[in-house]
Amino acid sequence: MGYIHCCGALRKTRTFKLVPPKDILISEVDVLTRCPVCGHKVVQLTRIKSDGKLSTIRRTNSKAEKLFKKLKKEILYEIKPLKYDNSGKFYLNYNEYGVIKRCYSNLSNLKLGLKENIDTQPSFQNKFDLT
């Protein structure tokens with residue numbers, strides 16, 4: 001999945017790998033079917049030549065459709081991002097005092113290192129006293 005800069009932000013696009021011509025190493029096309037802000041269709045062709053130079057061609061609306069139809073026969077495959085499962089199965093069985101929990105309580109309720117002491121709270125009366 002690629003990104004195209006449109007209307008002041010990066011927009012997610014569909015990326016296709018193309019058959020590279022003889023003097024080009026990598027050739028890809030990014031297609032933004034509709035920008036959520038301006039509603040334009042954007043097609044961007046990106047090529048890396050054998051000497052390391054990068055070239056891009058960007059078209060919008062009707063010219064983008066013509067460019068994509070022209071490049072459609074050269075598409076090898078679509079580059080799809082890998083999907084990772086971020087949900088884990090880890091559960092902390094100990095509370096803040098090191099004691100094994102007997103029930104599954106919410107970890108956001110833990111108050112590590114929190115003390116309630118009247119002597120450690122700042123006194124605002126002494127701060128404004130001018131004596």
Side-chain angles (χ1 to χ4, degrees):
M1 178 182 302
Y3 293 93
I4 289 180
H5 192 269
C6 186
C7 297
L10 291 174
R11 311 290 178 192
K12 291 182 182 180
T13 61
R14 294 177 65 190
T15 304
F16 299 97
K17 186 80 168 181
L18 301 176
V19 177
K22 58 182 175 183
D23 61 338
I24 294 177
L25 295 177
I26 298 172
S27 182
E28 293 180 353
V29 64
D30 294 318
V31 179
L32 177 63
T33 55
R34 185 178 182 277
C35 177
V37 177
C38 63
H40 291 169
K41 179 175 183 173
V42 182
V43 174
Q44 182 172 329
L45 174 66
T46 306
R47 297 180 292 189
I48 299 176
K49 296 183 180 179
S50 58
D51 58 353
K53 292 184 181 178
L54 178 74
S55 66
T56 58
I57 298 171
R58 180 186 171 110
R59 299 286 184 257
T60 57
N61 295 331
S62 62
K63 291 183 180 179
E65 290 177 13
K66 289 178 186 176
L67 179 65
F68 188 67
K69 285 181 184 177
K70 184 178 176 182
L71 296 174
K72 207 170 198 178
K73 60 185 174 203
E74 298 179 16
I75 292 176
L76 291 175
Y77 57 91
E78 182 178 357
I79 300 172
K80 294 194 177 189
L82 297 174
K83 293 184 181 181
Y84 294 104
D85 185 21
N86 291 339
S87 62
K89 303 293 184 202
F90 176 74
Y91 180 75
L92 184 63
N93 291 325
Y94 295 91
N95 65 5
E96 64 267 24
Y97 305 110
V99 179
I100 296 177
K101 291 183 187 177
R102 298 205 183 263
C103 63
Y104 287 37
S105 63
N106 191 355
L107 293 178
S108 64
N109 292 334
L110 296 178
K111 298 178 181 176
L112 295 173
L114 192 64
K115 293 182 181 178
E116 291 185 20
N117 192 351
I118 297 172
D119 297 334
T120 59
Q121 295 181 358
S123 170
F124 292 106
Q125 293 175 343
N126 296 336
K127 184 176 181 182
F128 298 107
D129 192 16
L130 300 174
T131 57

Closest heavy-atom pair, P20 versus S27, reported as atoms and distance to 0.1 Å, is CA-CB, 4.3 Å
Using 0.5 Å steps for rounding, measure from the NZ atom of K49 to the CG atom of L54. 10.0 Å
What is the minimum heavy-atom distance between Q44 and T56, and which atoms define it? NE2-CG2, 4.0 Å
Value rounded to 0.5 Å, distance of CD1 in I4 from OG1 in T13: 5.0 Å
Note, R11 side chain near Y3 side chain (heavy atom, < 4.5 Å): no
Value rounded to 0.5 Å, distance of CZ in R47 from CD1 in I26: 13.0 Å
Is a donor on one side and an acceptor on the other found under 3.5 Å between the side chain of T15 and the backbone of I79? no
Let me know which of R34, R59, K63, E65 forms a side-chain contact (heavy atoms from CB on, under 4.5 Å) with K41. E65
Taking only residues two or more places apart in sequence, or in another chain, which ones meet E74 in a salt bridge (charged side-chain N to carboxylate O under 4.0 Å, His left out)? none
Going from CG on L76 to CD on E28, what distance comes out if it is rounded to the nearest 0.5 angstrom? 10.5 Å
Whichever hydrophobic residues join L18 through chains of side-chain contacts under 4.5 Å: F16, V29, V31, V43, L45, I57, L67, F68, L71, I75
Quick test of your reading: applying ring pair (Phe, Tyr, Trp, His ring centres under 6.0 Å), list the pairs with at least one residue in residues 20-57, sequence neighbours left out, ordered by first then second residue. none
Are R58 and C6 packed together at the side-chain level, in the sense that at least one heavy-atom pair is separated by less than 4.5 angstrom? yes
Check I24 against I48 and note the closest heavy-atom contact, atom names and distance. CG2-O, 3.3 Å
